[in-house]
Amino acid sequence: QVQLVESGGGLVQAGDSLRLSCAASGRTLLNYGMGWFRQAPGKEREFVASITRYTGATYYSDSVKGRFTISRDYAKNTMYLQMNRLNPEDTAVYYCAARSPAGQATALTSYAYWGQGTQVTVSS
């Protein structure tokens with residue numbers, strides 16, 4: 001099975017950018033569709049973005065559409081989340097996740113493999 005490790009989180013100011021990375025080991029990302037989720041304090045974990053296994057089609061939540069970009073580098077076996085124009089509402093722990101089936105999915109239960117999360121804090 002695949003193991004996932006996120007990195008790239010930190011403390012930034014509103015309007016800044018960050019790029020999160022999700023390094024995979026154990027299996028190649030070619031075998032998985034991938035997603036990013038986030039969980040703010042006191043809130044449920046929510047879908048942010050996904051990229052499908054075969055076609056590489058991308059999907060975004062309405063709250064990040066136009067600001068965030070999901071991508072993957074098979075050579076590095078790594079997925080990324082480029083986050084631009086960050087605002088305090090983006091403050092959360094960000095998790096990457098992987099799923100074997102084809103097609104896109106936004107539900108947490110659709111993803112079998114999860115990283116440990118990386119904290120993103122946006123100050124106003």
Side-chain angles (χ1 to χ4, degrees):
Q1 66 183 33
V2 66
Q3 291 82 44
L4 305 172
V5 178
E6 303 94 335
S7 62
L11 172 63
V12 297
Q13 293 186 333
D16 286 351
S17 298
L18 271 179
R19 189 178 76 160
L20 304 183
S21 299
C22 173
S25 62
R27 298 287 300 275
T28 172
L29 287 184
L30 286 168
N31 294 319
Y32 300 95
M34 304 293 293
W36 285 99
F37 293 77
R38 66 186 182 186
Q39 187 166 17
K43 295 188 177 181
E44 295 185 349
R45 195 172 299 188
E46 65 175 6
F47 170 78
V48 175
S50 66
I51 186 166
T52 59
R53 175 175 175 175
Y54 294 114
T55 66
T58 58
Y59 301 86
Y60 299 91
S61 67
D62 288 343
S63 62
V64 307
K65 195 174 297 181
R67 300 188 297 123
F68 291 10
T69 303
I70 187 172
S71 63
R72 59 191 175 187
D73 184 334
Y74 288 131
K76 296 182 178 180
N77 217 29
T78 299
M79 177 181 66
Y80 302 99
L81 185 67
Q82 177 66 43
M83 305 186 295
N84 299 329
R85 303 197 307 278
L86 286 161
N87 59 63
E89 290 69 39
D90 296 316
T91 294
V93 178
Y94 283 72
Y95 298 89
C96 68
R99 64 192 298 270
S100 295
Q104 104 91 1
T106 61
L108 276 69
T109 53
S110 296
Y111 292 81
Y113 308 101
W114 292 82
Q116 83 290 347
T118 186
Q119 176 71 47
V120 172
T121 303
V122 185
S123 63
S124 57

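Any value given below was found using the heavy atoms of this structure, including those in side chains, with hydrogens, waters and symmetry copies removed.
Ring geometry for W114 against F37 counts as tilted: the plane angle lies between 30° and 60°, on a 0 to 90° scale. Between Y32 and Y113, the two ring planes are perpendicular [angle over 60°; tilted spans 30° to 60°].
With a 4.5 Å cut-off on side-chain heavy atoms, T69 and L81 do not count as touching. Counting only heavy atoms from C-beta outward, the side chains of D16 and V122 never approach each other to under 4.5 Å. Between R45 and Y95 there is a side-chain heavy-atom pair separated by less than 4.5 Å. Side-chain contact between V120 and L18: present, with at least one pair of heavy atoms (C-beta onward) separated by less than 4.5 Å. Taking the side chain as every heavy atom from C-beta outward, T118 and L20 approach each other to under 4.5 Å. Here the side chains of Y74 and L30 are in contact, with some heavy-atom distance below 4.5 Å. The closest side-chain heavy-atom distance from M79 to I70 is below 4.5 Å. The shortest distance between side-chain heavy atoms of T91 and Q119 falls below 4.5 Å.
Remark: Q13 CD is loosely packed, at most 12 non-hydrogen atoms of other residues, nucleotides or ligands lying under 6.0 Å away.
V64 and Y80 end up in different hydrophobic clusters when Ile, Leu, Val, Met, Phe, Trp and Tyr side chains are linked at under 4.5 Å. Residues L108 and Y60 are members of separate hydrophobic clusters, defined by side-chain heavy-atom contacts under 4.5 angstrom among Ile, Leu, Val, Met, Phe, Trp and Tyr. Cluster annotation: V93 is not connected to L4 through the hydrophobic network of ILVMFWY side chains, with a link wherever side-chain heavy atoms come within less than 4.5 Å. Note on Y111: it does not cluster hydrophobically with L29, by side-chain heavy-atom contacts below 4.5 Å among ILVMFWY residues. Under the 4.5 Å side-chain heavy-atom criterion for Ile, Leu, Val, Met, Phe, Trp and Tyr, M34 and Y59 are members of distinct hydrophobic clusters.
Taking every heavy atom of both residues into account, A23 and T78 meet most closely at CA-OG1, 4.0 Å. A pairwise comparison of heavy atoms in A92 and A40 identifies CB-N, 3.8 Å as the closest pair. Taking every heavy atom of both residues into account, A105 and F47 meet most closely at O-CE1, 3.8 Å. Closest heavy-atom contact between R72 and G56: NH2-CA, 3.2 Å.
Interatomic distance, Q3 CD to S25 OG, rounded to the nearest 0.5 Å: 4.5 Å. Here CH2 of W36 is found 8.0 Å from CE of M83. Values are rounded to the nearest 0.5 Å. To the nearest 0.5 Å, the span separating CG on N87 from OG on S123 amounts to 11.5 Å.
We find that R67 and D90 are joined by a salt bridge, their nearest charged nitrogen and carboxylate oxygen being less than 4.0 Å apart.
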*Between R38 and Y94, is a side chain to side chain donor-acceptor pair (under 3.5 Å) present by the stated rule, with each step listed?*
CA-CA 4 Å; R38 66 186 182 186; Y94 283 72; 2.9 Å; yes
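When atom types are taken as modelled, the side chain of N77 and the backbone of A24 share a donor-acceptor pair closer than 3.5 angstrom. Remark: side-chain polar atoms of R53 are paired, donor with acceptor, to backbone N or O of S100 under 3.5 angstrom. No side-chain donor-acceptor contact under 3.5 Å links E6 to the backbone of C22.
For the 3.5 Å distance criterion, the side chains of T52 and Q104 fail to qualify, holding no donor opposite an acceptor. At a cut-off of 3.5 Å, with distance as the only test, a side-chain donor of N84 or S17 sits close to an acceptor on the other residue.
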